[in-house]
Amino acid sequence: MDLILWRHADAEEAALGQPDLARKLTARGERQATRVALWLHRQMPDGARILVSPAERAQRTAAKLERKFTTEPRVGPGADVNSLIEVSGWPNAKRAVLIVGHQPNLGQLIAKLLTGKEAPWTIRKGAVWWLRHRINDGESRAETFVLCVQSPETM
């Protein structure tokens, strides 16, 4: 299974009284999301399941990909690692899953999937981590590894 984790791009700070879910992307964030979306569009398999936080900044980030997606509250701000694992179908989903979400939960998820323990790992704004889980043929042994990490600054 491939699990692609995309942190929303750079967003504005919350204005006084503004709900966190309403924060929009900055001009820089719009550029970051466009760059990463172009790369993902070329790399991601057709038919990938795309789950996006209801937060405006995540919705706008995902919209740059120009593919159908599902708004999924369980990947929103404050999501816990077990909810992310459950909603993604990890490790047994039949197709790739892309989650567009937030820190610190995406970093904690990556740490858990790679080390078995939650830890405060950081994902840069707009960055993508692509994980793969597979069973080695002939060995009947499962492995999870990082297939790729991309940052909007390097594209």
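For the numbers below, each heavy atom of this structure counts, side chains included, while hydrogens, waters and symmetry mates do not.
A heavy-atom distance below 4.5 Å is found between the side chains of Arg134 and Glu143. Within the 4.5 Å cutoff, the side chain of Cys148 has no heavy atoms near those of the Val128 side chain. Using a 4.5 Å heavy-atom threshold, the side chains of Arg57 and Asp20 count as touching.
Using a 3.5 Å distance cut-off with no hydrogens or angles, the side chains of Ser151 and Glu153 do pair a donor with an acceptor. For the residue pair Ser53/His8, the side-chain donor-acceptor check at 3.5 Å is not satisfied.
Evaluation of the ring-ring contact (aromatic ring centres under 6.0 Å, His included) test over residues 30-65, restricted to residues two or more places apart or in two chains, returns none.
At least one donor-acceptor pair under 3.5 Å links the side chain of Arg23 to the backbone N or O of Glu12. A donor-acceptor pair is defined here as one N or O able to donate and one able to accept, closer than 3.5 Å; such a pair exists between the side chain of Thr61 and the backbone of Ala9. Remark: side-chain polar atoms of Trp6 are not paired, donor with acceptor, to backbone N or O of Gly101 under 3.5 angstrom. Here the side chain of Arg35 pairs a donor or acceptor atom with the backbone of Pro152 at under 3.5 angstrom.
With sequence neighbours left out, Glu13 forms a salt bridge (Lys or Arg N to Asp or Glu O under 4.0 Å) with no residue at all. With sequence neighbours left out, the side chain to side chain donor-acceptor pair (under 3.5 Å) criterion links Trp130 to Asp2. In this structure Ala142 satisfies the side chain to side chain contact (heavy atoms under 4.5 Å, CB included) test together with His133, Ile135, sequence neighbours excluded. Among residues two or more places apart in sequence or in another chain, the side chain to side chain contact (heavy atoms under 4.5 Å, CB included) test is passed with Glu30 by Leu25, Arg60, Lys64. With sequence neighbours excluded, the residues satisfying side chain to side chain contact (heavy atoms under 4.5 Å, CB included) with Thr122 are Gln103.
Taking every heavy atom of both residues into account, Asn105 and Gly76 meet most closely at ND2-O, 3.3 Å. Scanning all heavy atoms of the two residues, the minimum distance from Ala55 to His102 falls at CB-CE1, 3.6 Å. The two residues Pro73 and Pro54 make their nearest non-hydrogen contact at CA-CD, 3.8 Å. Here the closest heavy-atom approach between residue Ser88 and residue Ala93 is recorded as O-CB, 3.7 Å.
A salt bridge is defined here as a Lys NZ or Arg NE, NH1 or NH2 lying under 4.0 Å from an Asp or Glu carboxylate O, and Arg95 with Asp46 fails to meet this definition.
Hydrophobic clustering, with ILVMFWY side chains joined whenever heavy atoms are under 4.5 angstrom apart, keeps Leu3 apart from Phe145. Note: the hydrophobic cluster containing Leu114 also contains Val97 (ILVMFWY, side chain heavy atoms under 4.5 Å, direct or indirect links). Leu84 and Val100 fall into different hydrophobic clusters, where Ile, Leu, Val, Met, Phe, Trp and Tyr side chains are chained together by heavy-atom contacts under 4.5 Å. A continuous path of ILVMFWY side-chain contacts below 4.5 Å connects Val146 to Ile110, so both sit in one hydrophobic cluster. Val75 and Trp129 end up in the same hydrophobic cluster when Ile, Leu, Val, Met, Phe, Trp and Tyr side chains are linked at under 4.5 Å.
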Assess the residue pair Met44 and Arg67 against the criterion (side-chain contact (heavy atoms from CB on, under 4.5 Å)); give the C-alpha distance rounded to whole Å, side-chain angles, the decisive distance to 0.1 Å, and a yes or no. CA-CA 11 Å; Met44 219 167 63; Arg67 293 192 188 192; 3.4 Å; yes
Between Gln150 and Gln43, is the side-chain hydrogen bond (donor to acceptor under 3.5 Å, both in side chains) condition met? List the steps. CA-CA 12 Å; Gln150 287 287 1; Gln43 304 302 321; over 6 Å; no
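We find the CH2-CG distance between Trp121 and Leu109 to be 10.5 Å, quoted to the nearest 0.5 Å. Between the CZ atom in Arg49 and the CG atom in Leu98 there is a gap of 11.0 Å [rounded to 0.5 Å]. Taking CG of Leu38 as the start and CD of Glu66 as the end, the distance is 8.5 Å to the nearest 0.5 Å. We find the CD-CD1 distance between Gln108 and Ile123 to be 10.0 Å, quoted to the nearest 0.5 Å. The line from CG of Leu51 to CZ of Phe69 is 10.5 Å long, rounded to the nearest 0.5 Å. Summarising the geometry, atom CD1 belonging to Ile99 is positioned 11.5 Å from atom OG1 belonging to Thr70; distances are rounded to the nearest 0.5 Å.
Annotation: Glu86, atom CD; neighbour count of heavy atoms from other residues, nucleotides and ligands within 6.0 Å does not exceed 12. For Arg124, the CZ atom is loosely surrounded, since the number of other residues' heavy atoms within 6.0 Å does not exceed 12.
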